Structures are given as C-alpha cells and as structure tokens.
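In the text below, chain A, chain B and the rest are named by the order of the sequence lines, each starting its count at 1. Given the structure is predicted, the values throughout are model-derived calculations rather than measurements.
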Number of protein chains: 2
Amino acid sequence: MGERKIRNMEEFASVSGISRPTVSKYFNDPSSVRASTRARIEAAIEQYDYRPNIYAINQNRQLTKNIGIVVPYLADPFFGEIARVIEQRCIEAGFSPSLFSSHGEAEQERDILDTLRSLKPAGVLLAPLGRTSDKSVIEAFCRDVPTVLFDSNIEGMGEAFVGSDNYSFVSQTVEYLSRTGEPPCFFEMKHPANPNANKRRRAYLDMMERLGLEPLVLQIEGTGWEFEEIGRKGGHDILSRKAMRTNTILCSNDRLAIGLLSACYEAGYKVGRDAGHDLRVASHDDHPFSRYTCPSLTTAAHDYANVSGHAVDTLFHLIESGGRFSTRDETLFSARLIMRDSA
Amino acid sequence: MGERKIRNMEEFASVSGISRPTVSKYFNDPSSVRASTRARIEAAIEQYDYRPNIYAINQNRQLTKNIGIVVPYLADPFFGEIARVIEQRCIEAGFSPSLFSSHGEAEQERDILDTLRSLKPAGVLLAPLGRTSDKSVIEAFCRDVPTVLFDSNIEGMGEAFVGSDNYSFVSQTVEYLSRTGEPPCFFEMKHPANPNANKRRRAYLDMMERLGLEPLVLQIEGTGWEFEEIGRKGGHDILSRKAMRTNTILCSNDRLAIGLLSACYEAGYKVGRDAGHDLRVASHDDHPFSRYTCPSLTTAAHDYANVSGHAVDTLFHLIESGGRFSTRDETLFSARLIMRDSA
DNA sequence: AATTATTTTTTACGCGCGTAAAGAATTTGC
DNA sequence: GCAAATTCTTTACGCGCGTAAAAAATAATT
C-alpha cells in the first residue's frame, strides 16, 4: 500500500492492468470473471485499497443492494438483539443493512419510510409500531418497496409476515399456571401499543374458557412505550385495590412484568412459586433481562433465532422473486415455556 | 397528486415552471431562492411528490450530508436512548443519520468504519468498543473522516471526546456510601471491555485513600458484553467466598449490579439500606432499568441529555470548521447521585 | 493445429445531478 | 424612473459508474 490514491475505476483499471468494464463486472460479481483476472484485480485492491463509489454505482440502479431494517423501539434490548441477527445475515448475503428505529413515534416511522424509499432498497424488514402506525403510509410504502413485516402484524400489508404465535405463548403459560397453582388473571395495558397484545388477551380468554376457569382481565392505564413504568404504576394500583381474584398474575409481556415485580417488591408482596410467597407472576417474551429480575421471571420465550432467520430468508426469497409474492403468507413460530422462580 | 411520475429534476423543473439549476439551488438551500420561486417549487413538490435522487446528489460530493453514529452494543438500552437523542438532533439540523452497532465485536466495528468511509459522511459520532477496539483501524479512520468520540475515550483519537466524568460518578457514590454506612468494596470485571471501568477503579482507590479507608477491589472473571450474567456469576462467587470486608458493594456499572442483585436474591441476601437488610449495593450509569430492580438501584446517573447534546454540537462545530480542530478537547459531564432503595 | 467457446478490450453512451459562465429578467434603492 | 443589485435562465460540462456492441484475445475442445 501507500501508492498514490486511486480516484476512480478508470484509474484502478489501468493500474491493475485490466479494462474498466471487466473491473466493473468483477465488482458486480467476482465469480463472473476468469480466476486469473480475479486474482490480478484482487491483488490490485489489496495494494491500492480501492473501492467503487457507492453513489455512482447506485445512481443508475432502480434497485440497490441495500436492505432496510425498521424496529419500533430500540431502547428495548429485544429489538437490539433482533437487529444484530438480521444485520449479520444481510451482510453475509452481500447486502448492506440500514437500521432504523421509530423510537415509539408514528411520525418517526413515517419519516423513516420516506427516507427508505429514497434509498431504493432491494427490500425492507419492517416491525411496525402497531396501533399507532399510520396504516395508509405503511400501505403506500409496501406498494412501492418489497417489504416483509415482522414481530407485529398489520393485516394485509407487506408481502409476508413472520412473527411469533401469540396463542402458543399464552396457552403454555396459562396451562402451566393453572396446573401448578391458582389460575391466573391477565395483566395488560388498556390501550396496548402492539397488536400482539390483543391476540394474547384473546388467547387468555380462550384458554381460560377451555379449562373451565373464570377469566379476569386487569387493564391498566398508560400509553407510550415505557412499559416498565406503566407496569409499575398499574401494579401498585391493582395491588392496593386487591383487584386480583387469585394469587397468580400473568402479564401480557415481560416489560410490564418487570414493572409489576418492582411494584410487588415496593408494596411488600413476595413473589415466587414456593410456599412462603404471596404471589406468582409470569409473562411472555423472554426479554433479555427477565433472567435477572428478582425473582427470575417465568415466561414464554420467542424463538428469536427462527423469527429473525426466517424473516430474512423470506425477504431474500422475495427479492429473488422480483419483489412480489402471489400470496401473502404469515409464518408464526411457537413459544417455549421458560420456568424460572417467579411462578 | 396522481399526476404522472416525475423521473428527474429536469422533468420536475419543467412542470414546476422553474429552470433546473434554480431547482437544484432550492434543494441545496431553500432559502437561497426568492420567496415566490420557493413557493412555486414547493407547490410542485406537493403536487408531484418529487424528491431528488440522493445517489446522484452525492456522487460528485466529496462530502455528503450523512452523519454516522456508531455505538458498541445496541442490546444495551442505554445506547438505544443515546441513539434516539442523537438521531433526532441530526435530522433537525438537516443531516441524515445512519446508525450502526458493533454488537460487541471488534471485527464488526472495523467493518462498520469501512462501510462508513464509503458513505463519505460529513462527520461521525463514534462510541468505540474500548479495550478490544483495533486502535490502528480507528486511528486511520479518524484521519480520513471528521470524528467525535463519545462515551468511551481512546487517547488522542478523533477530533474531540465527549463523555462523563468517571471521577464524579465514583466520588459521589463512595462519599455517600461511606457517610451513611460501612465503606464499600469495588465490584468489577477483571478485564473490563470499557476504559471507563479503569477510570472508575482508580477513582475508587483515590477516594478511599482520601477518606482514610482501606480499599478492596473484587475483580470477577468473564469477558464480552453480557455484563448481567458476568455480574451474576461473579456475585455468586464473592458471596459464597464472603470476599467482601463490609456490608457494602459498589459496582463499576449498573449492568453488573443487576447481575449481582440477582445473585444476592438467589443466595438469600437481602439488599437494601434500611435495618433488616444484609447488604447495600450501589452502582454507576443510571441504566434505564435500574429504577426497576428489586430493590431499586442506588446509582450515579449520566447526564444523558448533555452528553449526547454536546457530542452532536461538537460534531456540528467540527463540520463547520472543515473537519479539523486545532486542539482535541475532552468534555466531561458530571454525574448525579440517584438515591434509591438498594443503598 | 484448427475450430469453437469463453473472456476481455475497445469504444461509446447515458444516468441524475452539481455547477460554472454569460446573459436576461426581475427587484430594489434612491 | 433609472441604475444597481439580485435572481433566474440558458447552455454546457463533468462526476463515477453500468452497460451495450463489436472486435480482439485467450482458453477449451476435438
């Protein structure tokens, strides 16, 4: 290295002793040139540290090698993990992932889709905000850009959906809790941000009926994405009102549960499954921190790896198919019950 | 809307009745054209939903309006929050932020800087991995791209550093703990990922000496970024060995403390500051979840808003200054003690 | 060695926009 | 109302690359 700086592909071609069109061909697909040619080009890359100007490359393309990843809330480590796995897979497949977070704001989600449109991505993996999303904006976006929805489904939008089977989450926790102790009430936000919450409530009601038990849904106030605080406040509320009918509370998701556990602690309730405890608390998601709550949280785990893996696979398939599927299929992965100390 | 699709600025100029160079001028700076012209262009934008091709725009620029944001570990909600604030400010200033996470891997950090270089950003806000970072890669990057380091300092790299004053964190917690009870031992990783950890240890030793107390540093095994698990395992270790000399443990950071609290709970130690508790635990960072641990965690809080705000301001200033500062200044913001229930 | 198949070179054009220069039109100041 | 200042139009070129077509070179096949 250390040679004079190469300014463009023309110069690079001349110093590497290969014609520019062939060099261009190489950068589009290294295997498309003869092995000996490839070796010479790669030696020159090594020596001169040249790489093509991505803006010039993309200017004439109506489709780039970019992939957009949109998550609703990045301060939730769940999505940080998802992002990591998805990014990795995109890079391995030769794409350039761009990560965006709506940070819980519909307006941000709109702006992100706007930005993404002008990035002309080959495809987009979108985990929408859910209830607060501007449906018409998302619909319009999905018409223009090949999009796979994940985590949170919006009926009919995107070419496919990949997520978790909420029924499988709730059926396992309800069954487990009922079998091992008093039946659970269901603790959730009155106006949940995420459509999964509604599915989970319905699954709870359904399971309870199926088991011949009387359901009890406790809906707490609060909006936004600060679920822990909402859970804590709501927890204090139901504890002080003694709104539960049994000693068992099933939370819609782990972040609410983390808040509820905090309220239980503050109010002097001992949570745990063994004798000598006042309450059992269980939940859904297997949030990265649920292992470290006190007590550790019994929950139902997403199949992280499969959800993100299959979402990426589906997107790649979509891209290869020219951006459209004939039918929109929804893939749901089952949850896995994680028994810890809280219930 | 609904008119025929505009393919380029030429077409847009003709339908808006303004010449292309003027339209171009408008998009580079709307205030650079006469108000009446601006109104006509904006009406046409509204009507035809045209926006310039960003790839064509950036191709001839040696500097774009992009800003790169690199954080070490996005599954830590702390960085999710930072990212939110910084992104917001960049957008307001008319830049396009691109967020990247090294996910704790030096190789990823290297790849990200590689990608960023080809994005030709106007500037980069980089929170390096720290100890595991490839210093020479970062140094080379900072030579080519105007960069402000934040959160974690690497001596001499980047045009400036903005972070928190580790001494201020530790001096406040040590002072508080010593004043209100037994003096603390210091709980940390033997091989911390982050250079802040070393500063904090030194600050602890210094403060203890200053107060005439005997220091005790407990260094636990474990590498990587799963601090909670490392803290939990290390916690069990020191608890079973009864390695502490007093009833008070000061953790290097909140994520370790979260793990330690979990170990304390599992081992049957009651944590809290009131009578009837076995241990006091305090820490540093004011991690978003530290409010929701059981008991809630006494800690020293980063000045989030100021750190991220000043980092962005510094970068803007750097960009206006042509990418170089004559001197590299380091700005440190003080911590704020947050007294909760754990100590 | 001759034929065929494959790969590379040469030449040339276009993408969408930035931008420079010179002249025309409009606005501003007095 | 007129000169000066500002803004806009016209014309034209270049950026770095993709890519098409035809010719040349190289490799594979028989």
(message) Taking any atom closer than 4.0 angstrom to a non-hydrogen atom of chain A, what span of DNA chain D does the protein reach, first nucleotide to last?
(response) dG16(D) to dA27(D)
(request) Decide if atom CZ of R328(A) counts as having more than 12 heavy atoms of other residues, nucleotides or ligands within a radius under 6.0 Å. (result) yes
(message) Can you confirm whether E107(B) is buried at CD, in the sense that more than 12 heavy atoms of other residues, nucleotides or ligands lie under 6.0 Å from that atom?
(response) no
(message) Please confirm whether the ring centroid of F78(A) lies under 6.0 Å from the ring centroid of Y304(A).
(response) yes
(message) Among residues 52-63 of chain A, which ones have heavy-atom contacts with DNA chain C below 4.0 Å?
(response) Q59(A), N60(A)
(message) Here's a test of your reading of the structure: between R20(B) and S24(A), which maps to the more 5' nucleotide of DNA chain D?
(response) R20(B)
(request) Could you tell me whether the side chain of R20(A) and the main chain of A13(A) form a donor-acceptor pair under 3.5 Å? (result) no
(message) Could you go through Y50(A) and E11(A), starting from their C-alpha distance and side-chain angles, then the distance that decides it, and tell me whether this counts as side chain to side chain donor-acceptor pair (under 3.5 Å)?
(response) CA-CA 10 Å; Y50(A) 166 77; E11(A) 278 189 26; over 6 Å; no
(message) With nearest nucleotide decided by heavy atoms, which residue, G17(B) or K120(B), maps closer to the 5′ end of DNA chain D?
(response) G17(B)
(message) Minimum heavy-atom separation for S133(B) and P128(B), please, with both atom names.
(response) OG-CB, 3.8 Å
(request) Identify the two heavy atoms, one from I67(B) and one from F316(B), that lie closest to each other, and give their separation to 0.1 Å. (result) CD1-CE2, 3.6 Å
(message) Is any side-chain heavy atom of V23(B) closer than 4.5 Å to one of S16(B)?
(response) yes
(message) Is the phosphate of dT10(C) approached by S19(A) (side-chain N or O, under 4.0 Å from OP1 or OP2)?
(response) no
(request) Evaluate the criterion side chain to side chain donor-acceptor pair (under 3.5 Å) for residue pair H103(A) and Q88(B); output intermediate values, then yes/no. (result) CA-CA 10 Å; H103(A) 300 301; Q88(B) 191 56 46; over 6 Å; no
(request) Give, ordered by number, those residues of residues 31-38 of chain B having at least one heavy-atom distance below 4.0 Å to an atom of DNA chain C; if nothing qualifies, reply none. (result) R34(B)
(request) Kindly indicate whether the side chain of R34(A), heavy atoms from C-beta on, has any atom under 4.5 Å from the side chain of R40(A). (result) no
